[in-house]
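In this text the structure is predicted, and so the values were computed from the model without any measurement.
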Number of protein chains: 2
Amino acid sequence: MPPSFRPPIGLTLHRTSRQASRAFDEALGEVGGSLPVWLTLLTMKTHKSANQRELAAAIGIQGATLTHHLNGMETDGLLTRRRDPGNRRVHLVELTAAGEAAFLRLREAAVAFDKKLRAGFSDDEIAALEQALAKLGANVGERA
Amino acid sequence: MPPSFRPPIGLTLHRTSRQASRAFDEALGEVGGSLPVWLTLLTMKTHKSANQRELAAAIGIQGATLTHHLNGMETDGLLTRRRDPGNRRVHLVELTAAGEAAFLRLREAAVAFDKKLRAGFSDDEIAALEQALAKLGANVGERA
DNA sequence: TATTGTTATACTCTATAACTATA
DNA sequence: TATAGTTATAGAGTATAACAATA
């Protein structure tokens with residue numbers, strides 16, 4: 001072991017992320033959500049994907065995993081699925097009123113959490129951090 | 001939604017960490033390891049905890065979760081557990097020769113991974129990143 | 001045949017609660 | 001009673017493979 005032990009940056013990244021994810025998941029849970037549900041809603045709202053595979057890829061999960069989450073969300077009444085008349089292989093996923101309401105609730109929690117997370121950072125510092133994280137990502141593989 | 005959409009810093013953190021964790025897990029897998037096994041070995045080597053609970057806390061998991069991983073590692077012949085003669089409630093966890101070898105192999109993979117991760121960063125930049133991550137962690141809760 | 005999505009199944013990591021054994 | 005650890009059980013998130021429906 002080296003004389004002055006420096007924890008690998010990946011370990012620090014991992015711990016920080018886990019800590020933040022847990023806290024965020026807890027915050028989402030308080031308004032009836034979870035991380036994958038939030039990511040699904042957010043990505044649906046911001047991506048307008050042509051099909052579920054694109055949506056799954058944008059979230060960063062497999063198609064079958066997305067199906068799993070959509071099943072839960074459908075059971076919870078957040079969305080409906082029906083076939084696209086134009087291409088009946090494609091399933092159109094649409095938020096119900098409850099789904100829209102859930103999105104708003106979760107977004108509020110996410111915004112509040114992000115505000116807490118940014119406390120004490122200037123915009124430039126956040127930008128620098130984003131850039132550093134992007135660089136780490138690039139160093140590690142070509143995935144989105 | 002705001003006119004210029006900025007992804008929350010937590011989302012970027014989460015994605016980067018997941019990407020890095022997957023790549024790291026893969027790298028560890030290639031030498032017969034996994035993230036929790038590596039964290040267990042690393043923490044055993046760097047912490048010298050008095051008992052398993054301390055060890056678990058240092059890793060950031062519950063005692064029962066540690067037991068679960070230790071079971072697997074014992075099955076794989078990486079370690080042995082025996083009762084402390086001085087306080088027979090305490091189980092002494094000791095690495096076997098195979099466990100020591102695994103530690104060295106995983107450490108090598110971890111060092112290589114960390115080198116890859118740090119590519120293009122100066123020491124000062126890494127230090128700044130560590131500091132920023134620590135600040136995020138502090139913003140989010142009081143856990144280690 | 002290729003594409004879209006679902007079902008079936010399973011794995012990993014984690015946790016809580018109940019239990020055993022020691023003190 | 002309190003402490004150390006294990007066992008039993010479960011749950012969340014993810015994945016792969018096989019399948020059904022559609023093109």
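- Residue pairs meeting the salt bridge (Lys or Arg N to Asp or Glu O under 4.0 Å) criterion with at least one partner in residues 119-128 of chain B, sequence neighbours excluded, are absent.
- A straight line from CG of Asn51(B) to P of dT22(C) spans 17 Å, rounded to a whole angstrom.
- Using cut-offs of 30° and 60° for the angle between ring planes, the Trp38(B) and Phe103(B) rings count as parallel.
- Place His14(A) and Gly63(A) on DNA chain C by their nearest nucleotides, and Gly63(A) ends up nearer the 5' end.
- Not one side-chain nitrogen or oxygen of Thr65(B) sits closer than 4.0 Å to the OP1 or OP2 atom of dT14(C).
- Taken residue by residue, residues 69-84 of chain B places heavy atoms nearer than 4.0 Å to DNA chain D at Asn71(B), Arg81(B).
- Across all strands shown, Arg53(A) has heavy atoms under 4.0 Å from base atoms, whether or not it also approaches the sugar-phosphate.
- Rounded to 10°, the helix from dT1(C)-dA23(D) to dA23(C)-dT1(D) has 30° between the axis fitted to its first five pairs and the one fitted to its last five.
- Taking Glu94(A) as the reference, Arg82(A) meet the salt bridge (charged side-chain N to carboxylate O under 4.0 Å, His left out) condition, with sequence neighbours excluded.
- Residue Ile59(B) contributes atom CD1, which lies 12 Å from atom P of dC13(C) at whole-angstrom precision.
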For Lys45(A) and Glu100(A), run salt bridge (charged side-chain N to carboxylate O under 4.0 Å, His left out): C-alpha distance rounded to whole Å, both residues' side-chain angles, the deciding distance at 0.1 Å, then the answer. CA-CA 10 Å; Lys45(A) 285 289 189 180; Glu100(A) 295 287 350; 2.7 Å; yes

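- Along DNA chain D, read 5' to 3', the first and last nucleotides having any atom under 4.0 Å from a heavy atom of chain A are dG13(D) to dA23(D).
- Residue pairs meeting the side chain to side chain donor-acceptor pair (under 3.5 Å) criterion with at least one partner in residues 54-71 of chain B, sequence neighbours excluded, are Asn71(B)-Arg81(B).
- Leu42(A) is listed as a side-chain neighbour of Leu11(B), based on a closest heavy-atom distance under 4.5 Å.
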